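Below is one structure, written out as structure tokens; comments come after it.
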Amino acid sequence: MRINRYLAQSGVASRRRCEELVTGGLVTVNDLVVRDLATQVSPTDVVKVSGKVVKAAEEFVYVMLNKPKGYVTTCNDEHGRKTVMSLVPNDVRLFPVGRLDYDTTGLLILTNDGEFTKRVTHPSSEVGKTYVVKTSHDITPTDIEKLCKGVMVDEVMTSPAQARALGKREAELVIHEGRNRQVRRMFEALGLEVVALRRVAVGSLTLGPLKVGEYRIITKRQAYSII
């Protein structure tokens, strides 16, 4: 791994600032000053910045969880509710990528890759999130048409979505935004109460046979394929 990338992933500073530290002669590898940004660093090398040892970056881990109902999507909950962190490996510090409501089930990604999280959650990425929605009343063709065009939520029109009926009271909805409780509120705007909500895909990543409450480790390539 190149020295500037090693420093950035270890949390020293931004990639640009790390480049400046290297070219400024403030970085040593095995007690030798390095100024060449092409310098390669191995896991056994001792890297220092201004005399202080820089610990190697954590290996990135990507977890796909089928979130059950009744769990909050946070690392800790001040109200003592169960969190999704109790369902995934605890030997690596992970963070949820986005959120699923307390009563919403389905696909949730957790990782320690901050850059990945930033890219997925940033509005410009427009990563599609697919939900299966069950409602208390019948969903009409007009409702589907309105969802596709966008509906008014908090006096702001939602972006056009992809929607199709799966049954009289069940529909599939694909959105590219991440507003708070957006899917539920879109259906509420149509006068429809959501009685069950499940996310079945994020981008090209799908739940597949993963059972509720179970998780599996995915590769970096699989994770980044959704962006």
Side-chain angles (χ1 to χ4, degrees), residues 64-79 81-85 95-111 114-208 210 212 223-227:
M64 187 174 76
L65 169 71
N66 189 343
K67 176 191 172 296
K69 186 177 180 178
Y71 285 77
V72 291
T73 309
T74 57
C75 295
N76 298 288
D77 183 64
E78 59 183 10
H79 302 294
R81 294 173 296 180
K82 295 179 291 187
T83 78
V84 293
M85 308 313 298
F95 301 92
V97 180
R99 288 176 177 266
L100 285 180
D101 297 336
Y102 184 79
D103 291 327
T104 301
T105 64
L107 177 54
L108 179 69
I109 302 171
L110 300 98
T111 186
E115 179 62 26
F116 171 77
T117 300
K118 180 180 178 181
R119 290 178 62 182
V120 171
T121 56
H122 196 278
S124 64
S125 66
E126 296 189 344
V127 175
K129 294 169 281 289
T130 307
Y131 295 84
V132 171
V133 188
K134 293 184 178 180
T135 61
S136 58
H137 294 81
D138 290 356
I139 304 168
T140 68
T142 300
D143 292 328
I144 295 296
E145 184 179 350
K146 288 180 179 179
L147 291 168
C148 290
K149 291 181 178 179
V151 296
M152 194 68 71
V153 174
D154 286 343
E155 300 183 355
V156 177
M157 187 70 75
T158 62
S159 296
Q162 297 166 258
R164 65 187 181 99
L166 299 177
K168 288 185 176 180
R169 298 187 177 183
E170 187 175 54
E172 180 184 85
L173 182 71
V174 183
I175 61 173
H176 297 84
E177 299 174 286
R179 294 160 64 177
N180 185 40
R181 296 175 63 84
Q182 179 170 337
V183 174
R184 294 180 185 275
R185 295 166 77 188
M186 287 175 71
F187 278 82
E188 287 171 2
L190 301 175
L192 296 169
E193 179 188 358
V194 174
V195 297
L197 180 60
R198 178 166 60 106
R199 185 158 71 189
V200 296
V202 176
S204 58
L205 195 63
T206 62
L207 277 176
L210 195 64
V212 175
Y224 272 84
S225 71
I226 73 176
I227 302 174

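This is a predicted model, so every value here is computed, not measured.
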Checklist line | Atom of M152, atom of A189 and distance for their closest heavy-atom approach | finding: O-CB, 3.7 Å
Check: What residues form a side-chain contact (heavy atoms from CB on, under 4.5 Å) with S124, not counting sequence neighbours?
Finding: H122
Check: For the atom pair CZ (R181) and CG (D103), what is the distance rounded to the nearest 0.5 Å?
Finding: 7.5 Å
Note to self: Give me the atom names and distance for the closest heavy-atom approach of L173 to A161.
What the structure shows: CD1-CB, 3.8 Å
Next item on the list: For V183 and K129, run side chain to side chain contact (heavy atoms under 4.5 Å, CB included): C-alpha distance rounded to whole Å, both residues' side-chain angles, the deciding distance at 0.1 Å, then the answer.
Entry: CA-CA 10 Å; V183 174; K129 294 169 281 289; over 6 Å; no
Check: Between atom CG of L190 and atom OG1 of T140, what is the distance when rounded to the nearest 0.5 Å?
Finding: 8.0 Å
Note to self: Using a 6.0 Å cut-off, check whether atom CZ of R179 has over 12 heavy atoms from anything other than its own residue.
What the structure shows: yes
Note to self: For F95 versus C75, what's the shortest heavy-atom pair and its separation?
What the structure shows: CD2-SG, 3.8 Å
Note to self: Would T158 and I175 count as a side chain to side chain contact (heavy atoms under 4.5 Å, CB included) here? Give the steps.
What the structure shows: CA-CA 9 Å; T158 62; I175 61 173; over 6 Å; no
Notebook entry, point to check: When rounded to the nearest 0.5 angstrom, what is the spacing between NZ in K168 and CD1 in I139?
Noted result: 12.5 Å
Margin query: For the CZ atom of R99 and the CG atom of L108, what is their distance to the nearest 0.5 Å?
Written below: 10.5 Å
Notebook entry, point to check: Rounded to the nearest 0.5 Å, how far apart are CG of L147 and CZ of F187?
Noted result: 5.0 Å
Notebook entry, point to check: Between the main-chain N or O of G98 and the side-chain N or O of T121, is there a donor-acceptor pair closer than 3.5 Å?
Noted result: no
Check: Ion pair present between R184 and E188, side-chain N to carboxylate O less than 4.0 angstrom?
Finding: no
Notebook entry, point to check: Is a side-chain N or O of T83 found less than 3.5 angstrom from the main chain of N76, in a donor-acceptor match?
Noted result: no
Next item on the list: Search all heavy atoms of V120 against all heavy atoms of I226 and return the closest pair with its distance.
Entry: CG2-CD1, 4.0 Å
Check: What are the two closest non-hydrogen atoms of G128 and V174, and how far apart are they?
Finding: CA-CG1, 4.3 Å
Check: Which pair of non-hydrogen atoms, one from L65 and one from L210, has the smallest distance, and what is that distance?
Finding: C-CD2, 4.1 Å
Note to self: T74 vs R81, test: side chain to side chain contact (heavy atoms under 4.5 Å, CB included). Steps then yes/no.
What the structure shows: CA-CA 10 Å; T74 57; R81 294 173 296 180; over 6 Å; no
Next item on the list: Answer yes or no: is there a donor N or O on one side and an acceptor on the other, between the side chain of T104 and the main chain of L197, under 3.5 Å?
Entry: no
Checklist line | Rounded distance (nearest 0.5 Å) linking atom CG of L192 with atom NZ of K134 | finding: 15.5 Å
Margin query: Once side-chain hydrogen bond (donor to acceptor under 3.5 Å, both in side chains) is applied, what residue pairs with a partner in residues 191-202 remain, sequence neighbours excluded?
Written below: Y131-R199
Margin query: T105 vs K67, test: side chain to side chain contact (heavy atoms under 4.5 Å, CB included). Steps then yes/no.
Written below: CA-CA 5 Å; T105 64; K67 176 191 172 296; 5.6 Å; no
